[in-house]
Amino acid sequence: MGDDIGSHQSRSHPIGNSTQSNEIESPNLEGSFPNENVIEEGAGDHTESTTQSGRLKSVVWSHFKKIQVNGEDKAQCNYCKKLLGGKSKNGTMHLHLHMESCIQRKISLRGQKLIISKMVKGKQEMTSTIYDPEFAKKELAQAIIMHEYPLSIKEILKIYDVEKTVALKLMDTNEGRVAITTDMWTASNQKKGYMTITTHYIDHSWNLQIRILRFIYVPTPHTSERLSTVLAGCLLDWNIDGKLSTITLDNCSTNDSMIEKIKNKLHLGSLLKDGSLLHMRCYGLEIVKYGVEKIRDSVAYWTATPKRVEKFKETAKQLRMTCTKSLCLDCPTRWNSTYKMLDIAISYKEVFCRLKHRDDKYTCLPTTTQWEFASEVCEKLKIFNNVTELFSGTDYPTANLYFPKVMATKMMDKFKCYWSVIHDIMGVTTILDPRYKMSLLEYYYKKLYPADAYHETRRIRKLCYDLFSDYELKSKKSTNSPFEDINSSVVDNSLNDFDAFVKSQKRVKTTHVKSELDLYLEEDILPRTSDFDILMWWKLNGVKYPTLQKLAKDVLAIPISSVASESAFSTGGRILSPHRN
């Protein structure tokens, strides 16, 4: 469907310019010189030798060869190819001096150490090292990647292959499920669409891992069929199609259709609840756009050219504005950016009004009513922005924070468009937070569903128990009974009756034994502290709740926002504009 970022074009890039002295000719691309004719090569040892004329030849000629350039004798260094005077009257002192200072000669000497500068514990220090050409090529390639130079050196592709192999092994050894975030952006300077696919999972050490699996060009049109084909192909290539927990996408009709096609391309039996929990809509909200357009148009007008930007700044200084922030245009589908645009623009309300009288072409000044409405919208968006910044964290789990943050900020009315779809699995993650369990759901559901609070709470509780039962069944299938694994040849057969007795007692007790989830919910909730680490808690309590631990490991890795995929586009402003327009 498209080319990965690993594909490249062959280019030629000048590295630098060298300055030659008047007596030196510049070599051509093959390292030879115009009109050159080798007339004598130095001996290979470091002792003085005798020429046919009986004169002693200096050891320096072991490191130079005498050639003719445009009819003149020159001494060419065997290491750096530099040309020096080669006539007899020139002597050899200048050749000795060059031989001692030639860097290429020192590098060629076996075991010769180089002095390099490197960072050690945050400080720049000088250290010595043995020159390794392979290591040097790798370092150069990594420098090109880090500084985002053109991908024109094949060493970069080698690093990509190595890193991909490592990532594949990590995904194969991961026993739990993985959550996927994906997003489509269009490059404003290329008019091309790119899809980034990111995986989220908790590793065996209980660290949240986030890996970009694919960064790929997708040709237009970006239909649900085309997008689902690219996404499904990536999942199959990485062999994680049977390990999915959820896919977090933006809330749009194309993505809704894409999820249904993804389900048809995957094995539903391997998904949580046969795929009913697969689609996670990215945390967001729909807000009335009235009153915002005029402000957006005004910001766009006064940031369109450097001359207008300068005029805006001059007017702000004349009015002695305390705000010093620059106007910024938002991305209409990203409301956190809309908040930042409004927050700054409202501070410059007087400036916009003054400029209306100074520029006849400025015709989009908001009315007083629109300014007042925008202020109200901005106040609401400030709450949303704070919650979004929390949910955009990619170094820690966010699924368990969904309920307390959304409900505590009284934003439930903004989520009715997809609340019933997203909140089920988020309810489970809240239950698996030992600081909340069922208590938080019961507390807020009485406010959210005054008439049906009990029914809604029981529904989420049942989902949690259903998922736990699925994990428990899978766990039993993967582990055999200790009685069946024992080799009968090394067991005292006289205790066979005892083994049968233990088995019968175990069956009797099973009907009365409480499950891990029962015991977990019966325990008191933990006090809420700012330094609580939910991943560490489940890591330490796996012995007590082994099956519940596996469920927690999978659902706590689910991201609320697709920001992890979006961040793939933020490192290089040359690819996509900051506002994705």
Side-chain angles (χ1 to χ4, degrees), residues 122 176 179 181 200-210 245-246 248 280 282-285 335-336 339-340 343 379-412 414-415 422-423 425-448 457 460 464 517 519-545 548-564 566-567:
T181 56
H200 308 247
Y201 66 94
I202 297 173
D203 63 20
H204 66 282
S205 298
W206 281 84
N207 295 314
L208 182 62
Q209 297 289 344
I210 300 171
S245 58
T246 60
T248 302
M280 283 285 292
C282 179
Y283 179 87
L285 73 164
W335 287 103
N336 55 334
Y339 160 69
K340 294 177 182 178
D343 186 44
E379 184 179 346
K380 299 295 187 298
L381 288 179
K382 183 177 181 180
I383 300 175
F384 168 66
N385 182 72
N386 294 338
V387 176
T388 299
E389 289 180 352
L390 174 69
F391 285 168
S392 297
T394 54
D395 295 329
Y396 51 85
T398 58
N400 59 303
L401 303 176
Y402 179 84
F403 260 77
K405 291 299 179 182
V406 171
M407 293 186 177
T409 52
K410 300 179 181 179
M411 298 179 66
M412 290 309 307
K414 305 296 191 301
F415 291 83
I422 189 176
H423 90 294
I425 191 66
M426 293 298 96
V428 173
T429 61
T430 303
I431 294 174
L432 295 178
D433 191 324
R435 298 169 296 175
Y436 306 128
K437 299 187 179 180
M438 291 296 303
S439 299
L440 189 76
L441 299 183
E442 293 168 353
Y443 172 73
Y444 279 119
Y445 271 22
K446 289 180 181 178
K447 299 181 178 182
L448 182 63
T457 304
I460 300 299
C464 188
L517 185 53
L519 297 174
Y520 167 78
L521 293 177
E522 287 179 358
E523 290 189 348
D524 294 335
I525 62 175
L526 299 180
R528 291 181 294 108
T529 57
S530 59
D531 59 346
F532 178 73
D533 187 340
I534 189 172
L535 295 185
M536 181 58 66
W537 190 91
W538 276 109
K539 179 181 180 181
L540 298 177
N541 284 272
V543 176
K544 190 175 183 180
Y545 307 114
L548 203 56
Q549 183 195 53
K550 294 179 181 178
L551 175 58
K553 188 177 183 181
D554 289 345
V555 298
L556 288 175
I558 298 174
I560 297 300
S561 171
S562 64
V563 68
E566 296 169 9
S567 64

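Numbers here are sequence positions counted from 1. Computed from a predicted model, the values in this text were never measured in an experiment.
For Glu442, the side-chain contact (heavy atoms from CB on, under 4.5 Å) criterion is met by Met438, Thr457, not counting sequence neighbours. When the ring-ring contact (aromatic ring centres under 6.0 Å, His included) test is applied to Tyr520, the partners found at least two apart in sequence or on another chain are Trp538, Tyr545.
With Thr246 contributing its side chain and Ile558 its backbone, the two residues share no donor-acceptor pair below 3.5 Å. For Asn207 (side chain) and Asp203 (main-chain N/O), no donor-acceptor pair under 3.5 Å exists by modelled atom type.
Once rounded to the nearest 0.5 Å, the distance linking NZ of Lys539 with CD1 of Ile202 reads 12.0 Å. A distance of 10.0 Å separates CG in Leu440 from CD1 in Ile431, rounded to the nearest 0.5 Å. A distance of 10.0 Å separates CD of Glu522 from CG of Leu517, quoted to the nearest 0.5 Å. Taking NZ of Lys437 as the start and CG of Asp524 as the end, the distance is 7.5 Å to the nearest 0.5 Å. The line from CG of Leu526 to CZ of Arg435 is 8.5 Å long, rounded to the nearest 0.5 Å. Atom-to-atom distance recorded for His200:NE2 and Thr181:OG1 is 3.0 Å, nearest 0.5 angstrom.
The nearest pair of heavy atoms linking Ala557 to Ala179 is O-CB, 4.0 Å. Nearest heavy-atom pair across Ser439 and Ile525 is OG-CG2, 4.3 Å.
Side-chain atoms of Thr529 and Asp531 form a donor-acceptor pair, as typed in the model, at a separation below 3.5 Å.
A heavy-atom distance below 4.5 Å is not found between the side chains of Tyr201 and Ser245. Residues Trp206 and Asp533 fail the side-chain proximity criterion, which asks for heavy atoms closer than 4.5 Å. Proximity of Val428 to Leu432: side-chain heavy atoms (C-beta onward) are separated by under 4.5 Å at one or more points.
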Could you give me the CA-CA distance, side-chain angles and deciding distance for Thr429 and Asp433, then say whether side-chain contact (heavy atoms from CB on, under 4.5 Å) is met?
CA-CA 6 Å; Thr429 61; Asp433 191 324; over 6 Å; no
I'd like to know whether Met536 forms a side-chain contact (heavy atoms from CB on, under 4.5 Å) with Leu540, so could you lay out the CA-CA distance, the side-chain angles of the two residues, the decisive distance to 0.1 Å, and finally the verdict.
CA-CA 6 Å; Met536 181 58 66; Leu540 298 177; 4.1 Å; yes
